[in-house]
Amino acid sequence: MASWFAGLFYLPRIFVNLAMVPAASEAERVRLLLMARKLLRFMTILAVPALVLGFVLWLVYGIGQGQGWVHAKLSVVALVGLYHHQCARVLKRFEAGQESHGHVWFRWFNEAPVIMMLAAIVLAVVKPF
């Protein structure tokens, strides 16, 4: 899970850099796209065991069953999955030269996984409901 989130923290940072690449800097753009593709592939591979093991804890071992905080945390996990998917879509738009958002937008986009991770941690530790 930590490695998956490390990728979710860093990939949007590459998007910030891609959004700032001058039009004449094709080599820099190609290098950043290569880094982004490899990171996306790596973090997708890491997401699978994180999700599977989390569902095993919930379904097989019964951790948190019948408690409201687990449903809220599962909602956060679904949001993280959607964010991961959105990162893949953004990368495809960058590769096609169709991404129109600027670096400031991506700086804000980069904050979403931090908020989602903090929400998941608070729900798992505090168990507010």
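Positions are given from 1, in the same order as the sequence printed here. Below, all heavy atoms of this structure are taken into account, side chains as well, without hydrogens, waters or symmetry copies.
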Nearest 0.5 Å please: distance from the [atom1] atom of [X] over to the [atom2] atom of [Y].
X: Ile63; Y: Gln65; atom1: CD1; atom2: CD; result: 9.5 Å
X: Leu39; Y: Arg41; atom1: CG; atom2: CZ; result: 10.5 Å
X: Leu8; Y: His84; atom1: CG; atom2: NE2; result: 6.5 Å
X: Ile14; Y: Lys38; atom1: CD1; atom2: NZ; result: 11.5 Å
X: Ser25; Y: Leu32; atom1: OG; atom2: CG; result: 9.5 Å
X: Ile121; Y: Met116; atom1: CD1; atom2: CE; result: 12.5 Å

**Prompt:** Within the side chain of Glu99, is there an N or O that forms a donor-acceptor pair under 3.5 Å with the backbone of Leu91?
**Reply:**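 The answer is no, because no donor-acceptor pair under 3.5 Å joins these two groups.
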
Could you state whether [X] and [Y] fall into the same hydrophobic cluster, counting links through intermediate Ile, Leu, Val, Met, Phe, Trp or Tyr residues with side-chain heavy atoms under 4.5 angstrom apart?
X: Val70; Y: Leu59; answer: yes
X: Leu123; Y: Val125; answer: yes
X: Val60; Y: Leu74; answer: no
X: Val77; Y: Leu118; answer: yes
X: Leu57; Y: Val48; answer: yes

Which atom pair, heavy atoms only, marks the closest approach of [X] to [Y]?
X: Pro128; Y: Trp69; result: CD-CB, 4.2 Å
X: Gln67; Y: His71; result: O-CD2, 3.4 Å
X: Pro12; Y: Cys87; result: CG-SG, 4.3 Å

**Message:** Classify the ring geometry of Trp58 against Phe55: parallel below 30°, tilted from 30° to 60°, perpendicular beyond 60°.
**Reply:**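 Ring orientation of Trp58 relative to Phe55: tilted.
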
**Request:** Could you label the plane-to-plane angle of the Trp105 and His101 rings as parallel, tilted or perpendicular, counting under 30° as parallel and over 60° as perpendicular?
**Result:**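 If you compare the ring of Trp105 with that of His101, the planes turn out parallel.
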
**Message:** Regarding Glu26 and Arg29, does a basic nitrogen lie under 4.0 Å from an acidic carboxylate oxygen?
**Reply:**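 Salt bridge flag = yes for Arg29 with Glu26.
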
**Request:** May I ask you to test the Phe106-Val90 pair for a side-chain heavy-atom distance under 4.5 Å?
**Result:**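 Counting from C-beta outward, Phe106 and Val90 do come under 4.5 Å.
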
**Message:** Between Asn110 and Phe15, is there a side-chain heavy-atom distance shorter than 4.5 Å?
**Reply:**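 They are not in contact (no side-chain heavy atoms under 4.5 Å apart), so the answer is no.
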
**Request:** Report, as yes or no, whether the 6.0 Å neighbourhood of atom CZ on Phe129 holds more than 12 heavy atoms from other residues, nucleotides or ligands.
**Result:**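 Enclosed: over 12 neighbouring heavy atoms sit under 6.0 Å from CZ of Phe129.
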
**Asked** Counting only heavy atoms not in Lys127, do more than 12 fall under 6.0 Å of its NZ?
**Response**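 Enclosed.
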
**Request:** Consider only side-chain N and O atoms of Arg89 and His85, and report whether a donor and an acceptor are under 3.5 Å apart.
**Result:**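 No donor-acceptor contact under 3.5 Å links the two side chains.
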
**Request:** Give a yes or no on whether the ring-centroid distance for Phe42 and Tyr10 is below 6.0 angstrom.
**Result:**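 Aromatic pair excluded; centres sit 6.0 Å or further apart.
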
